[in-house]
Amino acid sequence: TKSDDLRDDANKLYRQKKFRESLLKYNESLCFAKDDQHLALCYANRSAVYFLMKDYQRCFNNIKLAKNHNYPEEKLPTLIDRERRCEELMKQAPPLENETLDFFKLSYKANPKIPFIINDLELKTNKKYGRHIVTKRELKVGDIINLEAGFFQNLQSDPFYLKDVMPSNKFNFCSVCLEENNLDLIPCKGCNATMFCSEKCQTSAQSFHKYECKYAEMFQKNFTFNIQFRSFFKALGIVDGSFDELERIFNECLQSPKTIFDFDFSNPEDPEYEKNQLRCSLSLARNKSFREDVPLDTLFRLSPDFNETWKRHKQFIRKFVLHLKQVDCICEGVVDKNLTIGKSQVKCLIGTGNDLVGTLINTSCWPNVDTYCAGVITAYIVIRPIKAGEQIFTCYNKKFYQEPKLERQSRLERKYKIICDCEACNDPKRYKPLLMKSFELNLMEMKTPQIIKHIKELTKKMQKTYETEQFP
């Protein structure tokens with residue numbers, strides 16, 4: 001079978017000590033497994049890889065999965081011996097820690113209703129900037145003000161970078177939370193195009209993946225198509241499949257738009273938690289000039305399971321999905337990952353998501369905040385001193401010293417229907433000297449162990465420069 005062939009390929013890579021490549025092949029083999037025995041063999045082989053990688057907890061977890069899927073009795077002695085050694089080594093070895101993720105913590109007291117942002121951020125509205133965010137306190141370089149996981153996260157099937165190195169994202173990352181989990185993923189039981197990082201994510205996906213499962217591979221071939229319908233399926237899952245409830249929420253948001261500052265998100269177990277996230281997402285700014293037709297006819301033709309109930313709501317679905325696409329034109333956030341391939345660190349575009357706070361932050365070609373993807377969290381880090389009462393700015397495209405003004409302005413107007421009037425755009429000659437004094441975090445180009453040291457050293461240097469030198 002295909003699963004056997006893929007497992008043989010993985011075994012060859014394992015013998016060559018190409019551990020990451022072998023894990024990817026084992027993951028692919030798991031997705032094409034036809035029965036429990038194929039699954040058990042893959043999990044057992046994957047446990048051997050984790051053992052040599054000294055990731056004993058994942059090794060132990062995979063041994064358990066192999067045994068739970070009726071691993072062949074004649075092979076059990078070897079597996080049980082590995083399990084025994086693994087348990088002994090786990091007692092001796094300290095648990096693996098993600099120092100990078102531990103570093104990213106809010107610099108000040110959290111907002112009691114929105115616990116992933118500092119309590120000093122405030123939503124303002126005016127004619128010039130529309131909805132925007134200001135700080136009520138002075139912020140210094142290096143401050144972390146927002147640690148946000150995107151809503152409506154969507155995995156891009158094929159990587160944007162290094163396609164020869166990483167042929168597919170779907171065997172690298174969880175389809176729900178986009179976590180890599182050191183490639184310790186479990187396959188969907190109904191399709192060969194979806195993997196999950198845990199039983200928790202697999203369970204949470206049941207509400208929406210049931211609509212896309214048989215057609216997941218078809219959706220993934222067209223990323224734009226996938227974003228639109230995956231987001232729609234997630235929204236439908238949030239309302240337990242009720243078109244009437246979804247239409248009610250949709251019309252409510254059109255009449256009275258909401259933001260994340262209108263709700264209490266302190267309790268993720270609140271039954272209204274996801275519905276309120278949905279309300280915020282539907283209320284985000286959108287590019288109304290985008291009128292591309294939603295390919296519902298294709299969906300229904302290829303998906304006979306979408307029965308008459310779906311067809312009766314065809315016009316609403318078309319309007320809803322088009323609305324999501326108009327939002328994505330403006331508020332779509334790119335999710336990047338830093339991955340270690342061999343001895344190199346590579347940047348990988350894995351998908352998109354809407355940051356419900358981040359999308360309220362306006363753009364500037366000379367921003368005072370930059371972002372870094374730490375796992376499934378986007379960290380918003382201050383890169384210029386910000387006075388109390390000043391607006392927070394990030395950069396949607398290129399900064400003023402990375403691209404000429406006309407090109408920057410043209411792209412912003414084309415995609416976002418806005419024109420930047422930041423200091424650097426209004427007076428580029430005055431800001432030209434900053435080219436030699438500008439600081440970039442450039443975290444994506446660094447190996448993970450270096451990131452924390454780099455941030456600490458660079459932010460300290462940046463803050464000192466702003467204190468001692470005269471900037472416009």
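Because the structure is predicted, anything quoted here is derived from the model rather than measured.
Results of the side-chain hydrogen bond (donor to acceptor under 3.5 Å, both in side chains) test with S175 over K170, R230, Q202, H209 single out R230 as the only residue that passes. When each of L360, T135, N362 is checked for a side-chain contact (heavy atoms from CB on, under 4.5 Å) with I392, only T135 meets the rule. Screening V357, I144, D355 for a side-chain contact (heavy atoms from CB on, under 4.5 Å) with Y380, the sole residue that qualifies is D355.
Counting non-hydrogen atoms of other residues, nucleotides and ligands closer than 6.0 Å to NZ of K398 gives a total of 12 or fewer.
Listed by chain and number, the residues in a salt bridge (Lys or Arg N to Asp or Glu O under 4.0 Å) with E403 are R411 (sequence neighbours excluded). H132 meets the ring-ring contact (aromatic ring centres under 6.0 Å, His included) test with Y129; sequence neighbours excluded.
Side-chain contact between L185 and F171 is absent, with no heavy atoms from C-beta onward closer than 4.5 Å. Taking 4.5 Å as the limit, every side-chain heavy atom of F208 sits out of range of all side-chain heavy atoms of L236. By the 4.5 Å heavy-atom criterion applied to side chains, F393 and T363 are not counted as neighbours. Side-chain contact between C425 and F400: absent, with no pair of heavy atoms (C-beta onward) separated by less than 4.5 Å. Annotation: side chain of L356 is in contact with side chain of L284 (closest heavy-atom distance under 4.5 Å). Using a 4.5 Å heavy-atom threshold, the side chains of Y56 and Y50 count as separate. Y273 places none of its side-chain heavy atoms less than 4.5 Å from the side chain of N267. Side-chain contact between E138 and P385 is absent, with no heavy atoms from C-beta onward closer than 4.5 Å.
Taking the charged nitrogens against the carboxylate oxygens, E252 and R248 do have a contact shorter than 4.0 Å, which makes a salt bridge. Using a cut-off of 4.0 Å between Lys/Arg side-chain N and Asp/Glu carboxylate O, R20 and E180 are scored as salt-bridged. We find that E390 and R384 are not joined by a salt bridge, their nearest charged nitrogen and carboxylate oxygen being 4.0 Å or further apart. Salt bridge annotation for D184-R46: present, with a cationic side-chain nitrogen under 4.0 angstrom from a carboxylate oxygen. E245 has a carboxylate O that lies under 4.0 Å from a charged side-chain N of K275, or vice versa, which qualifies the two as a salt bridge.
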Tell me which donor-acceptor pairs under 3.5 Å the side chains of residues 114-124 have, and how far apart each pair is, sequence neighbours excluded?
none

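Judged purely by distance below 3.5 Å, without hydrogens or angles, the side chains of S266 and D264 pair a donor atom with an acceptor atom. Using modelled atom types, one finds no donor on one side chain facing an acceptor on the other under 3.5 Å when comparing Q255 with N251. Counted by atom type alone, E148 and N146 present one or more donor-acceptor pairs between their side chains at under 3.5 Å.
Distance CG/N111 to CZ/F265: 11.0 Å, rounded to 0.5 Å. Distance check, rounded to the nearest 0.5 Å: CZ of R137 to CD1 of I145 gives 11.5 Å.
Between M195 and C31, the shortest heavy-atom distance links the atoms CG-SG, 3.5 Å.
Between F243 and F316, the angle of the ring planes goes over 60°, which puts this pair in the perpendicular group of the 30/60° scheme.
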